[in-house]
Amino acid sequence: MNKPLITIQAITPDGEFAASYSENGLAELSFPKARRIASLPAKNDIVPARIRAWHRVTETALKSVLAGRAPKIFPPLDLVGTDFQKTVWNALREIPAGKTSSYGEIARAIGKPKAVRAVGGACGANPIPVLVPCHRVLAADGRIGGFSGGLAWKRTLLASEGVEV
DNA sequence: CATCAAAAACTCC
DNA sequence: GGAGTTTTTGATG
């Protein structure tokens with residue numbers, strides 16, 4: 001039984017992302033779909049003021065990342081997951097823009113060097129791509145690995161940060 | 001509720 | 001190409 005989320009489109013040069021908010025902050029972010037999202041529940045009238053404020057920040061942060069820069073400010077993130085996942089996501093957010101890491105490096109950074117495969121799993125479970133830069137994580141030998149939103153997006157995001165794969 | 005088995009966006013030999 | 005490590009998730013008793 002999840003709390004209802006309010007979904008709003010975030011317009012960027014790369015398409016219309018869908019941002020979902022809970023009462024506590026940004027809970028989910030999804031890549032633009034080919035077709036428009038059916039029946040947007042949120043009209044401006046029923047969106048609480050604080051969520052509109054968060055959304056403004058989200059959109060700005062999103063554009064920054066898409067332009068290859070680290071956002072100055074983040075909206076509050078309402079990350080739901082296991083302790084392990086939250087630890088991984090936190091480590092991901094410390095990767096500077098334009099740099100890449102590997103699953104092994106993340107595993108070492110959180111003190112569990114052998115848990116590389118589990119790290120991959122946690123990345124796949126990341127509900128907020130782009131702002132939690134799971135796209136900057138490559139496999140140990142430079143392979144691209146995988147990506148929830150599709151590998152095309154991973155390449156696009158890396159390219160916008162000037163990273164060669 | 002406890003336990004078992006299988007899978008995963010990996011890495012190393 | 002195959003084995004190894006960690007965590008999550010779903011089935012089973």
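For clarity, every value in this text was computed on a predicted model and none was experimentally measured.
- A distance-only check finds no donor-acceptor pair linking the side chain of A:Asn24 to the backbone of A:Leu77 [under 3.5 Å].
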With the criterion being N/O to N/O and under 3.5 Å, what pairs connect the protein with nucleotides 4-6 of chain B, and how long is each?
none

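- Using a 4.0 Å cut-off on heavy atoms, the residues of residues 94-124 of chain A that approach DNA chain C are A:Lys112, A:Lys114, A:Ala115, A:Arg117, A:Ala118, listed by number.
- Cluster annotation: A:Ile11 is not connected to A:Leu131 through the hydrophobic network of ILVMFWY side chains, with a link wherever side-chain heavy atoms come within less than 4.5 Å.
- To the nearest 0.5 Å, atom CD1 of residue A:Ile110 and atom NZ of residue A:Lys86 are 14.0 Å apart.
- Between A:Leu138 and A:Tyr103 there is no side-chain heavy-atom pair separated by less than 4.5 Å.
- If you take CH2 of A:Trp89 and C1' of C:dT7, they are 13 Å apart, rounded to a whole angstrom.
- Remark: P of C:dT6 and CG of A:Asp83 are 18 Å apart, rounded to the nearest angstrom.
- We find the CG-OG distance between A:Leu26 and A:Ser20 to be 8.0 Å, quoted to the nearest 0.5 Å.
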Compile the donor-acceptor pairs under 3.5 Å between side chains in residues 154-161 of chain A and protein atoms, sequence neighbours left out, one pair per line.
unit_1	atom_1	unit_2	atom_2	d
A:Lys154	NZ	A:Val137	O	2.8
A:Lys154	NZ	A:Ile144	O	2.6
A:Lys154	NZ	A:Gly146	O	3.2
A:Thr156	OG1	A:Ala152	O	2.9
A:Ser160	OG	A:Leu66	O	3.4
A:Ser160	OG	A:Leu157	O	2.7
A:Glu161	OE1	A:Gly98	N	3.1
A:Glu161	OE1	A:Arg136	NE	2.8
A:Glu161	OE2	A:His135	NE2	3.3
A:Glu161	OE2	A:Arg136	NE	3.1
A:Glu161	OE2	A:Arg136	NH2	2.9

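- Proximity of A:Trp54 to A:Ile51: side-chain heavy atoms (C-beta onward) are separated by under 4.5 Å at one or more points.
- Classified by interplanar angle (parallel below 30°, tilted 30° to 60°, perpendicular above 60°), the ring pair A:His55/A:Tyr21 is perpendicular.
- The main-chain N or O of A:Ile128 is never found under 3.5 Å from a side-chain atom of A:Glu28 such that the two would form a donor-acceptor pair.
- Listed by residue number, the members of residues 127-160 of chain A with any heavy atom below 4.0 angstrom from DNA chain C form an empty set.
- Atoms CZ and OG1, on A:Phe17 and A:Thr7 in that order, are 15.0 Å from each other to the nearest 0.5 Å.
- Atoms CZ and OG1, from A:Phe74 and A:Thr58 in turn, are 10.0 Å apart once rounded to the nearest 0.5 Å.
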* Structure fact -> Given Watson-Crick and G-U pairs under 3.5 Å, DNA chain C in dot-bracket ([ ] crossing, | other strand) is ||||.||||||||

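- Sequence neighbours left out, not one pair with a member in residues 104-117 of chain A passes side chain to side chain donor-acceptor pair (under 3.5 Å).
- Although no hydrogens or angles enter the test, the distance criterion places no donor-acceptor pair under 3.5 Å between the side chain of A:Trp89 and the main chain of A:Gly81.
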